[in-house]
Amino acid sequence: MSKILVTGGCGYIGSHTIVDLVENGYEVISVDNNSRSSSKILEGVEKIIGKKIKNYKVDLCDYNDTHAIFMENGDIEGIIHFAAYKSVGESVEKPLLYFENNLTSLVNLLKCVDEFGIPYFVFSSSCTVYGNPDEIPVTEATPPKPAASPYGYTKQMGEQIVNEFIKSSHAQAILLRYFNPVGAHPSNWIGEMPIGKPANLVPAITQTAIGKLKSMQVHGADYPTRDGSCLRDYIHVCDIAHAHTLALNYLIEKRNKAACEVFNLGTGNGVTVLEAIKAFEKISGVKLNYTIGERRPGDVIAIYANNDKAKKELGWQLKYSLDDMMRTAWDWEQRLEEDETLYGEQKAGEN
Ligand code: WQD
């Protein structure tokens, strides 16, 4: 059974990916310093998979602590690296925090990949590497434009760091460019747990609908899109999670065609902010209280994926619709409301 180290395993995509990996026969350990998550989410993971997942509460920016994990686990076959800060808006306000955290942690991990001969490395990248594309949908060959935010630059630089490292390494890598992950696991035991006021659209919608937020703002409705609001490719977090399992299978079975390959993980459907709100209202039956506000600095106007390569090479098949995304996100928000004991009030750094 291949042992996989998932960094950021207590995070949103990390926790869903751990479930998918275990359900597909992998052994998993997590490293997460819980600066933006709570290890309590692993209780939810345990309820789904029926086994405990060990989390090392380590800051990957600390090389010695990171190195110690590999000294203790000599049988790590692959790494999936999620751990990073990911708020577009926050990165505009605090660029150095993003460059230091997201890049130092990556370099420390790659030093361990090198020293311990870890064969496979999957990097959590993002559609933000495309910046504001001239043409959509974007393919993996679409040339990256200047990133629209420091967060986007950390993903562009992260891809370059992995690419250059792999050229001089034994390891093989895959870069997965996520579009907009939303929704929650259908079991309703795990889901997105933003800390403080949510920056992302769907948790802002569900928290407004349940009354946690009085109202929400649509950040701009004067963009050159079909209804003036920004267009994105929203994709269910479980579809994203399964793509990671398929990416590891692809590397371990040596089906990869190059030492470092890139895949878009999007549905191939573009949805505007106002359309996403309408889809939520239809599913939930809740009339959402929102206002149209100013544009948000760092926002890309419109982007969605051409996902042919991941479907063809990885055998990736999407399972969840936009309605499923909204329904599972709403079910999860109601669960959090009903059962505070589930994970308690989400606080950064919580054990
Ligand atoms: C989407 C749209 C907002 C909140 C995310 C992740 C990033 C990366 C890419 C994976 C924008 C608008 C939002 C609100 C709004 N994912 N919005 N009101 O910025 O596309 O980036 O996906 O790597 O990590 O953050 O997602 O959900 O923040 O915004 O109008 O209250 O919704 O302006 O147009 P974004 P988002």
Side-chain angles (χ1 to χ4, degrees), residues 8 11-14 16-17 36 81-92 98 101-102 123-133 136 138 147-156 158-159 175-183 192 194 196-209 212-225 227-237 239-241 243-244 263-267 270-280 288-305 325-326 329:
Y12 176 40
I13 308 175
H16 286 79
T17 299
R36 299 286 172 99
H81 179 41
F82 292 106
Y85 296 156
K86 62 122 187 161
S87 165
V88 169
E90 183 187 39
S91 78
V92 172
Y98 272 66
N101 183 67
N102 292 5
F123 178 64
S124 164
S125 188
S126 162
C127 60
T128 44
V129 303
Y130 294 109
N132 265 303
I136 49 177
V138 292
S149 67
Y151 164 75
Y153 276 116
T154 69
K155 290 302 181 183
Q156 283 183 347
E159 288 195 357
L175 313 175
L176 296 177
R177 291 176 179 165
Y178 313 150
F179 283 69
N180 286 54
V182 297
E192 192 164 9
K197 189 171 182 301
N200 293 130
L201 177 63
V202 171
I205 289 175
T206 57
Q207 287 196 13
T208 301
K212 218 169 177 176
L213 293 174
K214 283 198 193 57
S215 73
M216 66 164 280
Q217 264 205 3
V218 170
H219 298 321
D222 58 350
Y223 285 101
T225 63
D227 64 12
S229 63
C230 288
L231 185 129
R232 294 287 185 277
D233 185 330
Y234 297 98
I235 176 166
H236 198 282
V237 62
D239 278 329
I240 292 266
H244 288 76
F263 293 92
N264 281 343
L265 297 186
T267 64
V271 172
T272 69
V273 173
L274 292 171
E275 289 164 350
I277 289 174
K278 281 192 192 70
F280 174 80
L288 198 70
N289 181 15
Y290 68 90
T291 55
I292 305 288
E294 293 303 308
R295 293 182 175 192
R296 181 173 72 175
D299 268 344
V300 162
I301 298 166
I303 189 164
Y304 69 99
M325 295 175 213
M326 295 304 174

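For ligands, and for the atoms within them, numbers begin at 1 and follow the listed sequence.
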### Task
Test salt bridge (Lys or Arg N to Asp or Glu O under 4.0 Å) on Asp299 and Arg232 and set out the steps.
CA-CA 11 Å; Asp299 268 344; Arg232 294 287 185 277; 3.7 Å; yes
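Close approach of ligand 1 to Cys230 (heavy-atom distance below 4.0 Å) involves ligand atoms 34 (O). Under a 4.0 Å criterion applied to the non-hydrogen atoms of Ala204, ligand 1 contributes the atoms 31 (O). Which parts of ligand 1 touch Val218 is read off a 4.0 Å heavy-atom cut-off, strictly below it: atoms 30 (O). Short contacts between ligand 1 and Val88, defined as distances under 4.0 Å to a heavy atom of the residue, involve ligand atoms 19 (O), 21 (O). Below 4.0 Å from some heavy atom of Val273 lie the following atoms of ligand 1, by number and element: 2 (C), 12 (C), 30 (O), 32 (O), 34 (O).
Taking any N or O of Thr128, backbone or side chain, none lies under 3.5 Å from an N or O belonging to ligand 1. Ligand 1 has a nitrogen or oxygen under 3.5 angstrom from a nitrogen or oxygen of Leu201. Taking distance alone, with nitrogen or oxygen atoms compared against 3.5 Å, Gln217 approaches ligand 1 more closely than that limit.
Counting only heavy atoms from C-beta outward, the side chains of Asn180 and Tyr178 never approach each other to under 4.5 Å. The closest side-chain heavy-atom distance from Arg177 to Glu159 is below 4.5 Å.
At a 4.0 Å heavy-atom cut-off, ligand 1 touches Tyr151 through the side chain alone. Counting heavy atoms under 4.0 Å from ligand 1, residue Met216 touches it through the side chain alone. Residue contacts with ligand 1, taken as heavy atom pairs separated by less than 4.0 Å, involve Asn200 via backbone and side-chain atoms alike. When heavy-atom distances to ligand 1 are checked against a 4.0 Å cut-off, Ala199 comes that close only through its backbone atoms N, CA, C and O. Residue Lys86 touches ligand 1 through backbone and side chain together, judged by heavy-atom distances below 4.0 Å. At a heavy-atom distance under 4.0 Å, no atom of Tyr12 approaches ligand 1.
Of the protein's non-hydrogen atoms, Arg296 NH2, 3.3 Å is the one closest to atom 29 (O) of ligand 1. Scanning the protein heavy atoms around atom 5 (C) of ligand 1, the nearest turns out to be Asn180 ND2, 3.7 Å. The shortest contact between atom 20 (O) of ligand 1 and any protein heavy atom is with Arg232 NE, 2.7 Å. Ranking the protein heavy atoms by distance from atom 33 (O) of ligand 1 puts Asp299 OD2, 2.5 Å first. The nearest heavy-atom contact from the protein to atom 16 (N) of ligand 1 is Phe179 O, 3.5 Å. Scanning the protein for heavy atoms near atom 15 (C) of ligand 1, the closest one is His219 CD2, 3.3 Å.
When all heavy atoms of Leu274 and Asp227 are compared, the closest pair comes out as CB-OD2, 3.4 Å. Ser229 and Thr272 get closest at one heavy-atom pair: OG-CB, 3.3 Å. Residues Gly293 and Gln217 come closest through the heavy atom pair CA-OE1, 3.6 Å.
Residues satisfying the salt bridge (charged side-chain N to carboxylate O under 4.0 Å, His left out) test with Glu275, not counting sequence neighbours, are Arg226.
How far CD1 of Ile240 is from OH of Tyr12: 9.0 Å, rounded to the nearest 0.5 Å. The distance from the CG atom of Leu265 to the NE2 atom of His244 is 6.5 Å, given to the nearest 0.5 Å.
Remark: Lys155 is not positioned above the aromatic ring of Tyr130, lacking an NZ or CZ atom under 6.0 angstrom from the ring centre and at most 45 degrees off the axis.
In this structure, His16 has its ring center at least 6.0 angstrom away from the ring center of Phe82.
Defined by atom type and a distance below 3.5 Å, a donor-acceptor pair is missing between the side-chain atoms of Thr267 and Tyr234. Using modelled atom types, one finds a donor on one side chain and an acceptor on the other under 3.5 Å when comparing Tyr98 with Glu90.
Contact analysis puts Tyr234 in contact with ligand 1, with a non-hydrogen atom separation below 4.0 angstrom.
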